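Not measured: the values here are computed from a predicted model. Naming convention: chains lettered A, B, ... in sequence-line order (proteins, then strands); numbering from 1 in each chain.
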Amino acid sequence: MLDLKEIAKNFDAVVARLNDRGGALDLSRFSALFGERRQLNIELEAKQATRNKVQDTLKSADNETRKTVGAQMKALGQEIKDAEGRLKALEDQLNELILNVPNVPHESVPKGQDEHGNQCVRTWGEKPNLLFTPKQHFELGEKLGLLDFERAVKVSGTRFAFSKGALARLERALTAFMIDEHTRQGYLELLPPYLVTRASMTGTGQLPKFEADAFKTAGERELFLIPTAEVPVTNFHADEILEQPLPVRYVAASPCFRAEAGSAGKDTRGLIRMHQFHKVELVKFAHPDRSFEELEALTRDAASILEKLGLHHRVMLLCTGDMGFASAKTYDLEVWLPGQNAFREISSCSCFTDFQARRAKIRFREKAGDKPRLVHTLNGSGLAVGRTVVAILENYQREDGTVALPKVLHPYMGGLTELLPL
RNA sequence: GGAGAGAUGGCCGAGUGGUCGAAGGCACCUGACUCGAAAUCAGGCAUACCGGUAACGGUAUCGUAGGUUCGAAUCCUACUCUCUCCGCCA
């Protein structure tokens with residue numbers, strides 16, 4: 001959520017920058033609503049002040065005056081009630097409007113319509129030198145007997161999968177490896193709830209705008225399956241004034257659940273786009289003056305996993321048109337997939353400035369005794385585990401369809417060094 | 001699933017119709033004392049919005065939404081959440 005005063009003060013500039021994101025954003029109602037609200041608020045407060053003054057005199061008044069003056073006050077009370085109702089209605093409208101407005105892109109973000117406007121910041125490693133036609137990960141997985149989509153369809157429908165044997169273990173090993181690495185880098189491990197309230201989903205910006213993308217429980221108690229650990233972990237500090245020194249850093253592994261509304265027909269084969277996948281997530285609560293430096297560090301922390309796994313990748317600075325709703329600046333890590341002959345997103349690292357902090361009321365004090373200020377929140381995948389499995393399968397495949405495993409994972413695999421047919 | 005209790009400031013906690021933005025304590029800030037610290041003493045210390053260059057003034061906020069009343073932290077209703085006990089359960 002943006003700062004209302006800030007929008008009012010720099011309306012044209014804010015609108016211009018928001019429009020860089022593309023899409024038809026209509027803020028035309030804002031100024032009228034904002035002005036109307038202010039006017040009504042002034043009138044209302046004047047009435048309330050009158051009432052309070054009269055009531056003060058009534059405290060010690062006799063019954064007679066209490067009766068007559070009281071009757072007059074009743075009329076004023078009704079006026080106040082009406083004004084309050086109208087103010088509430090205005091505020092609701094303003095609120096609904098503003099909750100659906102995305103974050104303002106940072107000045108360092110390039111303008112662009114879609115992913116073609118993204119800029120490659122750096123690349124790491126090289127494409128593996130495969131002397132045969134590389135297979136896609138799902139072919140490899142199914143041939144090895146380690147990946148079963150058909151039974152997943154029977155059990156859960158499309159966009160689910162069973163992993164078996166060493167491949168299932170690989171997913172678990174990767175999760176443990178990533179958490180260990182990030183813990184070493186100074187992130188505190190958190191095991192979060194996988195179901196969260198509407199308030200939490202609103203706090204991080206998934207709601208109200210993207211309700212169709214979320215899975216929701218059907219019972220009398222409304223809960224949402226988390227689309228990412230970002231939601232519970234960021235809201236971990238909702239409604240708090242942080243006492244510990246910034247940045248505060250967490251790492252959390254969780255399953256992620258996404259309805260993926262509107263993505264029918266995209267990546268229908270394989271593990272790339274699932275209704276459920278595992279992800280290790282990094283979350284930072286940072287000082288507002290240093291949040292963009294923290295984004296650089298966060299991105300490096302995420303990329304370090306790809307480096308340790310020996311996976312060729314590039315770092316993309318997303319353009320205005322390709323960024324997520326709440327983000328002010330985003331780097332995507334894209335890993336090379338030989339089977340697809342393409343780079344695919346495996347991590348997304350974003351700085352949200354105070355956009356989420358304002359919604360979720362996450363603050364800190366510059367120093368003891370100071371007024372609380374909003375923190376800046378950041379997060380990034382470190383990494384999407386399912387897609388990391390895909391990357392390992394495709395990059396470490398051999399001509400016979402077996403797959404080598406990166407050295408750093410061997411201890412996590414109980415000494416297993418390759419994936420063989422089941 | 002059954003029974004009960006509760007939700008007040010950064011935290012704990014008092015407060016049953018106006019004198020309450022709210023006692024007291026903790027934490028925190030400033031000053032005094034001290035070589036320094038601790039202890040002690042004095043003072044300060046909620047948030048948001050509106051008006052004002054400012055000093056300052058005003059309004060709202062005691063889980064949420066309604067209601068009663070001239071007036072609600074306090075009374076009534078509904079809702080949400082939390083806790084305790086019993087049952088069940090990984």
Given side chain to side chain donor-acceptor pair (under 3.5 Å), test A:Asn52 with A:Gln48 step by step and report yes or no. CA-CA 6 Å; A:Asn52 287 347; A:Gln48 287 169 324; over 6 Å; no
Regarding A:Glu230 and A:Gln356, do their side chains bring together a donor and an acceptor under 3.5 Å, going by distance alone? yes
Applying the Watson-Crick and G-U criteria (both distances under 3.5 angstrom) with [ ] for crossing and | for other-strand pairs, one obtains for RNA chain B ((((((((.[[[..)..(.....]]].(((((.......))))).((((((....)))))).[[[[[..)....]]]]])))))))....
Taking all heavy atoms of A:Glu171 and all of A:Val385, pick out the closest pair and write down the distance. O-CG1, 3.6 Å
Students often get this wrong, so: under 4.0 angstrom with heavy atoms, is A:Lys53 touching a base, only sugar-phosphate, or nothing? nothing
Do the side chain of A:Arg373 and the main chain of A:His287 share a donor and acceptor less than 3.5 angstrom apart? no
Per atom distances to the A:Ala49 side chain, the nearest of B:rU82, B:rG58, B:rA60 is B:rG58
How about A:Phe277 and A:Phe257: are their ring centroids closer than 6.0 Å? no
Tabulate atom names and distances for all N/O pairs under 3.5 angstrom spanning the protein and nucleotides 49-52 of chain B.
from   : atom 1 : to      : atom 2 : distance (Å)
B:rG51 : OP1    : A:Arg38 : NE     : 3.3

Would A:Glu281 and A:Tyr250 count as a side chain to side chain donor-acceptor pair (under 3.5 Å) here? Give the steps. CA-CA 8 Å; A:Glu281 186 76 359; A:Tyr250 297 105; over 6 Å; no
Collect all protein-nucleotide pairs involving nucleotides 18-21 of chain B in which both atoms are nitrogen or oxygen and the distance is under 3.5 Å.
from   : atom 1 : to      : atom 2 : distance (Å)
B:rG18 : O2'    : A:Lys59 : NZ     : 3.4
B:rG18 : O6     : A:Arg66 : NH1    : 3.0

Residue whose closest nucleotide on RNA chain B lies nearer the 5' end, A:Pro372 versus A:Ala46: A:Pro372
As a test of reading the structure: which of B:rG10, B:rU82, B:rG67 is closest to the side chain of A:Lys81, going by heavy atoms? B:rG67
Should the ring pair A:Phe160 and A:His275 be called parallel, tilted or perpendicular, given that the plane angle runs from 0 to 90° and is split at 30 and 60? tilted
Judged by each residue's nearest nucleotide on RNA chain B, which is more toward the 5′ side, A:Ile241 or A:Lys88? A:Ile241
